[in-house]
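Let me begin by presenting the structure, written as structure tokens, before commenting on it.
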Amino acid sequence: MAVARSRLAATAVQVAPALLGAVVRSRAGGAEVAVRITEVEAYEGLDDPASHAFRGPTPRAAIMFGPPGYLYCYFTYGMHWCANVVCGPDGTAAAVLLRAGAVIAGADVAAARRPTARRDRDLARGPARLAACLGLGAAHTGLDLCDEHSDVVLASMPDQPSAVICTGPRVGIRAATERQWRFWLPDESTVSGYRRHPKARYPQ
DNA sequence: AGGACGATTAACT
DNA sequence: GTTAATCGTCCTC
């Protein structure tokens, strides 16, 4: 099954905590891996200087302005891919970065894709690690996560947001570090540690 | 056409 | 704690 698109039509700040505990299932790359999400970040559009959508619908960011429920993968630091769930109503820019999760199916495949991981909890601990586990890259941006026949599916979301959710500044960004738009589940060993950007405008 | 800078990770000291 | 790896994107000539 796949999550209804309407559940993703709210702002990124609203959708992000609701995605904690969600399950993403991927058969990209020919083998099935599923992850339970434990850490996310919200990126809104034109008012968020840390968002790829801040400068408008550039070729890369255009998908953030489209309808919710689609996968946005981007390439960063010349070597890594990261994965987002596009959210917000059509015409507004918003996405939730999947920062970390626990592998709940296909751990053998995930481990083969993450040869440097020393423990299971490190397989999808970090956004580029999570995307690597799921086999995601350029070919998968634009996939419909709300179509259960897609290679990458948002299989489930909790009916109610978790009772206790931690928040803090987003990781690795220079601007808008005062916004507490990173959300994670407490007591989860897969949550990545906070790392301030070396050139952040405000100390954190 | 040129260059700065990453929504990061791993491997160092 | 520090730093190299590595290239697409986007801004500024």
Side-chain angles (χ1 to χ4, degrees), chain A residues 11-13 15-17 19-20 22 24 35 37-65 68 70-88 92-101 103 110-142 145 166-184 189-204:
Chain A
T11 67
V13 172
V15 171
L19 282 173
L20 293 173
V24 177
V35 165
I37 301 300
T38 58
E39 179 191 1
V40 295
E41 283 174 359
Y43 287 88
E44 302 287 359
L46 298 167
D47 297 324
D48 179 5
S51 168
H52 291 164
F54 181 58
R55 302 181 193 281
T58 61
R60 177 177 68 166
I63 188 169
M64 286 181 66
F65 290 79
Y70 291 86
L71 185 63
Y72 166 39
C73 298
Y74 69 89
F75 185 61
T76 192
Y77 290 101
M79 64 198 93
H80 300 300
W81 290 90
C82 297
N84 293 254
V85 177
V86 173
C87 55
T92 69
V96 175
L97 173 67
L98 304 178
R99 276 203 63 88
V103 175
R113 290 172 173 165
R114 292 268 304 110
T116 59
R118 305 178 63 143
R119 327 174 62 160
D120 282 355
R121 73 185 206 196
D122 293 328
L123 287 171
R125 187 178 192 233
R129 293 164 163 186
L130 185 149
C133 270
L134 296 178
L136 302 181
H140 309 105
T141 206
L145 297 167
C166 303
T167 68
R170 293 171 290 181
V171 174
I173 56 164
R174 301 171 70 151
T177 53
E178 76 287 357
R179 296 183 195 180
Q180 310 282 297
W181 284 1
R182 175 179 176 233
F183 303 87
W184 67 94
S189 60
T190 57
V191 172
S192 63
Y194 178 69
R195 299 180 310 283
R196 175 184 154 276
H197 191 289
K199 296 178 183 169
R201 284 187 206 153
Y202 311 99
Q204 286 286 352

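Residue numbering restarts at 1 for every chain, and letters A, B, ... go by the order of the sequence lines.
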Please state whether the phosphate of [N], meaning OP1 or OP2, lies under 4.0 angstrom from any side-chain nitrogen or oxygen of [X].
| X | N | value |
| --- | --- | --- |
| A/Arg99 | B/dT8 | yes |
| A/Arg114 | B/dA10 | yes |
| A/His52 | C/dT9 | no |
| A/Thr58 | C/dC10 | yes |

For the side chain of A/Glu44 and the backbone of A/Ala12, is there at least one donor-acceptor N/O pair under 3.5 Å apart?
yes
Counting distance only, does the side-chain N/O of A/Arg99 pair as donor-acceptor with the main-chain N or O of A/Glu39 below 3.5 Å?
no
Could you check how far [atom1] of [X] sits from [atom2] of [N], rounded to whole Å?
| X | N | atom1 | atom2 | result |
| --- | --- | --- | --- | --- |
| A/Met79 | B/dA7 | CE | P | 13 Å |
| A/Ile173 | B/dA7 | CD1 | P | 9 Å |
| A/Phe75 | C/dC10 | CZ | P | 14 Å |
| A/Leu98 | B/dT8 | CG | P | 13 Å |
| A/Leu19 | B/dA7 | CG | P | 20 Å |
| A/Leu123 | B/dT8 | CG | C1' | 17 Å |

If pairing requires Watson-Crick or G-U wobble contacts with both distances under 3.5 Å, which nucleotide is the partner of C/dA5?
B/dT8
Let's see if you can work this out: which of [options] has an atom nearest to the side-chain heavy atoms of [X]?
| X | options | answer |
| --- | --- | --- |
| A/Met64 | C/dC10, B/dA7, B/dT8 | B/dA7 |
| A/Leu97 | B/dA11, B/dT8, B/dA7 | B/dA7 |
| A/Arg55 | C/dC11, B/dA11, B/dT8 | C/dC11 |

What's [X] touching, base or sugar-phosphate or nothing? Going by heavy atoms closer than 4.0 Å.
| X | answer |
| --- | --- |
| A/Arg60 | sugar-phosphate |
| A/Tyr43 | base |
| A/Ala50 | base |

Going from CG on A/Leu97 to OH on A/Tyr74, what distance comes out if it is rounded to the nearest 0.5 angstrom?
5.0 Å
Is the ring of A/Tyr77 stacked on the base of C/dA5, with centres less than 5.5 Å apart and planes under 30° off?
no
Does A/Asp120 have more than 12 heavy atoms from other residues, nucleotides or ligands lying within 6.0 Å of its CG?
no
Looking only at heavy atoms, what is the nearest atom pair of A/Val15 and A/Val96, with distance?
CG1-CG2, 4.2 Å
